[in-house]
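Have a look at the structure below, then the notes.
The analysis underlying the following values was restricted to heavy atoms, covering all of them including side chains, and did not include hydrogens, waters or symmetry mates. By convention in this document, chain letters (A, B, ...) are assigned in the order of the sequence lines, proteins followed by strands, and residues within each chain are numbered from 1.
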Amino acid sequence: MRKEGGCSQRVKLIDALHLVRREVVDSAPETKIFLACGFTPLHLQTFLTAELRVLLPGRRISLKTGLFGDLCGNIARVTQDEFDSFIAVVEWGDLDPRLALRTLGGWHPSQIADIIESATGTVGRLQSGLLGISQQVPTIVCMPTLPLPPLFPTIPSQADSAEMQLRHAVASLAVSLSREPNLRIVNGQHLDETSPPDRRYDVKSDVLSGFPYSLPHASAIAEFLGRLIHNRPPKKGLITDLDDTLWSGILGEDGVDGISWHLDRHSHMHGLYQQFLASLAGAGVLVGVASKNDSTNVERAFTRSDLLLSKNDVFPFETHWSRKSESVRRILKTWNVGADAVVFIDDSPMEIAEVKAAFPEMECIVFPRSDYQGIWNLLKHLREVFGKSFLTDDDALRLRSIREAGVWRDATQSSGSSSEDFLKTAEACVVFEPAQPKGDTRAFELVNKTNQFNLNGKRFSESEWSNFFRDPAAFVLAVSYKDRFGSLGKIAVIMGKSCGPVVCVSGWVMSCRAFSRRIEHQCLRYLFGTLGADEIVFDYQSTPRNGPLQEFFTELLGETPTEGVRLSKERFAARVPPLFHQVEGTVHV
Amino acid sequence: MSEQENRLLSCFASVFPGLSMEEIPGIRAQSQGIWDSLSTVTLAAVIQEEFNVEIDPEILPQLDSFEAFRTYLCRMNPAAE
C-alpha cells in the first residue's frame, strides 16, 4: 500500500491504524484470513488489514492469528473451512529457535550441524502442512526475509557451507510450494527492491516486544501479501508502435535493413522489448501493432529472421497513415476487449496524448527510447500489469482463436450462402465437462473476467469459488468449442443448482470470441436435456456491460429480460434456432 | 494547542479510536481499561515513527498518559513546542 497519488513513500503506521478503524457496513461480505507467523504479528497485522481494506473495498476484513512462537503448530491446527485465505510468514527462527535472537540456545560451532538438521526437519513439516492447507484454501507464503544471525564461523563476507545448506533447504521448500496452483510465494527479489535488506530488522523491537520487522519492512511485506491475496486479473492486450519502439530507426527512411535492435548498433534495448513482447504473447497476452507506416514495408520487416517477435505473435497489424486512435479503436474491436484492459506504447508523446484523449481509461506509455534504465523499468512494469499466477492451455489458444474468428467472420460474409448454411458446414463440436474446484484456473478466470456475455456480473473470490462446489445440488459446467477453423478452447461456464424440475442458473459467462456460433443455445439445450428440467430460472441482472447477454435473452424471450427471468422447456423449443454442433462429454450433474 | 500536540492527539486517536479528541488529553494508563500492553507497544511505535524519535525502553513504563508523552516529546524536541 502506498500513499495516494503514487508517492513511493510507504504508509505510516498511524495511517494504517486509521484505515483499519474506518467503519464498514455490517452487511458487507466478510473476507476471513488466517495469518500464521512465529513472531508477534503486531504491526504486520495492522498493515495487512489496512492493505486489504484498500484492495478489497466494501468487504469486512477479518484477520485471525494463532499462537505466537509456534508456526508449525498453527499450520497444523488451522481449520481451513473457516478461512478464505491462509498466509504463512516464515522466518529463520521458525526453522530452529537458535536462528532467532530471542532464544539463547547456543551458537557453538559444534551445534551448527544440529541446527541444520533441526531446520531441515522443520522445512519438511512446513511443506506437508502448507501443501495440505493449499488443497483447501488459497495459500500465500513469505519465505524468510530477515538476515541470519552471525552464528557461522566465517567472516560475514564469506558464505558458510552451513548457511548455504539452510538457504538451500528454504529454496527447495519454495520451489516445491510454487508448483502448486493454489499456493503463491512472495517474490524475494522484488521484495529486495522494495524493502532494502539492511533496513528490515528491528533488533530492539524483536528483543523487547517479539516483533522483528522495521515498520517500513512490515508495510512492504503487507503490501506483497495483500497483492497475492487480491490476485488482480491481468490486463489483456498490448498495442505497440513500431518505429523507434519495437525497433530503432524509421522503417520508411532507413529501410528494412536499416532498422536495428542489436548491441553493435546501440539499439539492443529494442531487442529486449521484442523479446519481452514475444514472452507476453506466449503467455496469452494479445499483442497488436498500430503504426503510421507503409503496410508492405512492415510485412517485409517482419520477414527478417532476426526479429525476436514473430509475425504470428501479433494480431492485428494496423499499418497505415490514419490517426493512431483510429487504429487503436479497430484493434479493440477485433479483440473485443475494453480500453481499460489494454496498454498502448509509442515513442511519440504526441501520439500517446492523442490516444489517451480518445481512450482515457487506457494506460498509455511513452516508450523511453535511448533510456536503458527506463526500458528496464518499463519491462518490469509490464510484467506487473500482465503477470498471472498460472498459465493455462487456453492462454496459448487466445491469439490464434481471435485470428480465426476473423477468418470465421470473413468466411461468413463471403460464403455467398446464408449463415445457416455456413454454420451447418462449420463442423462445430461443443464439449461439456464438469469444472473442477481446484486447478481449473481457466473456468475461474472466465467467471471473473468476462463482462459482455455475463448473466449478472458477479465475481468470485477463490474461496467462494471452492465453496460453491461443496453444495451437493450445485453444478459447474465448463464448455469448450472447436470447428474446422480451429479450437477456441474453454469458452463458457454455466453454474447453478438443480432443484427437481427447476434448474436455477446463478452464473453464466461466455467469452466474446465464441459469439455468433449458437453455443449459448446449445448450452441451454444441454441443461434441459441433461438435467431433465422443465424450467430454468436465471439469476439475471442487467450490468453496464452485459449488453450481448441481454440481446440474447431478448431474442429468445421476445421481450427485455428482467431479474429472475424464467425460460420453460416448451418456450425454448419453440424459439431455438437450428443447432448443428456435435455435442461431446456427457456430464451427470 | 501546538502543532506537536495536535500530532500527538492524532497518534493517540489512531490507537484509541473509541476516545473523543476531548477525552484524549486526560487519558491515563491506569484509569483506562482500554490501555493495555498492546496499546503501549503500538502507541510507542506510532509516536516514534511520527516524531522520528527513539523512545528508551527504560522510560516507556513512565510514559503512562497523554501528558507524560507530551512532556517527553517537549524535552526531546523543545523547538517544536
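Side-chain contact between Tyr72(B) and Leu8(B) is absent, with no heavy-atom pair separated by less than 4.5 Å.
Atom-to-atom distance recorded for Phe12(B):CZ and Met21(B):CE is 11.5 Å, nearest 0.5 angstrom. The CZ atom of Arg227(A) sits 13.0 Å away from the CD1 atom of Ile140(A) when rounded to the nearest 0.5 Å.
A side chain to side chain contact (heavy atoms under 4.5 Å, CB included) with Arg184(A) is found for one member of Leu225(A), Thr139(A), Asn231(A) and no other, namely Asn231(A).
Salt bridge absent: Arg102(A) and Glu91(A) never bring a charged side-chain N and a carboxylate O closer than 4.0 Å.
Of residues 198-214 of chain A, those residues with a non-hydrogen atom less than 4.5 Å from any non-hydrogen atom of chain B are, in numerical order, Lys204(A), Leu208(A), Ser209(A).
There is no contact between Ser37(B) and chain A, counting heavy-atom distances below 4.5 Å.
Residues that satisfy the salt bridge (Lys or Arg N to Asp or Glu O under 4.0 Å) test with Arg7(B), not counting sequence neighbours, are Glu3(B), Glu50(B).
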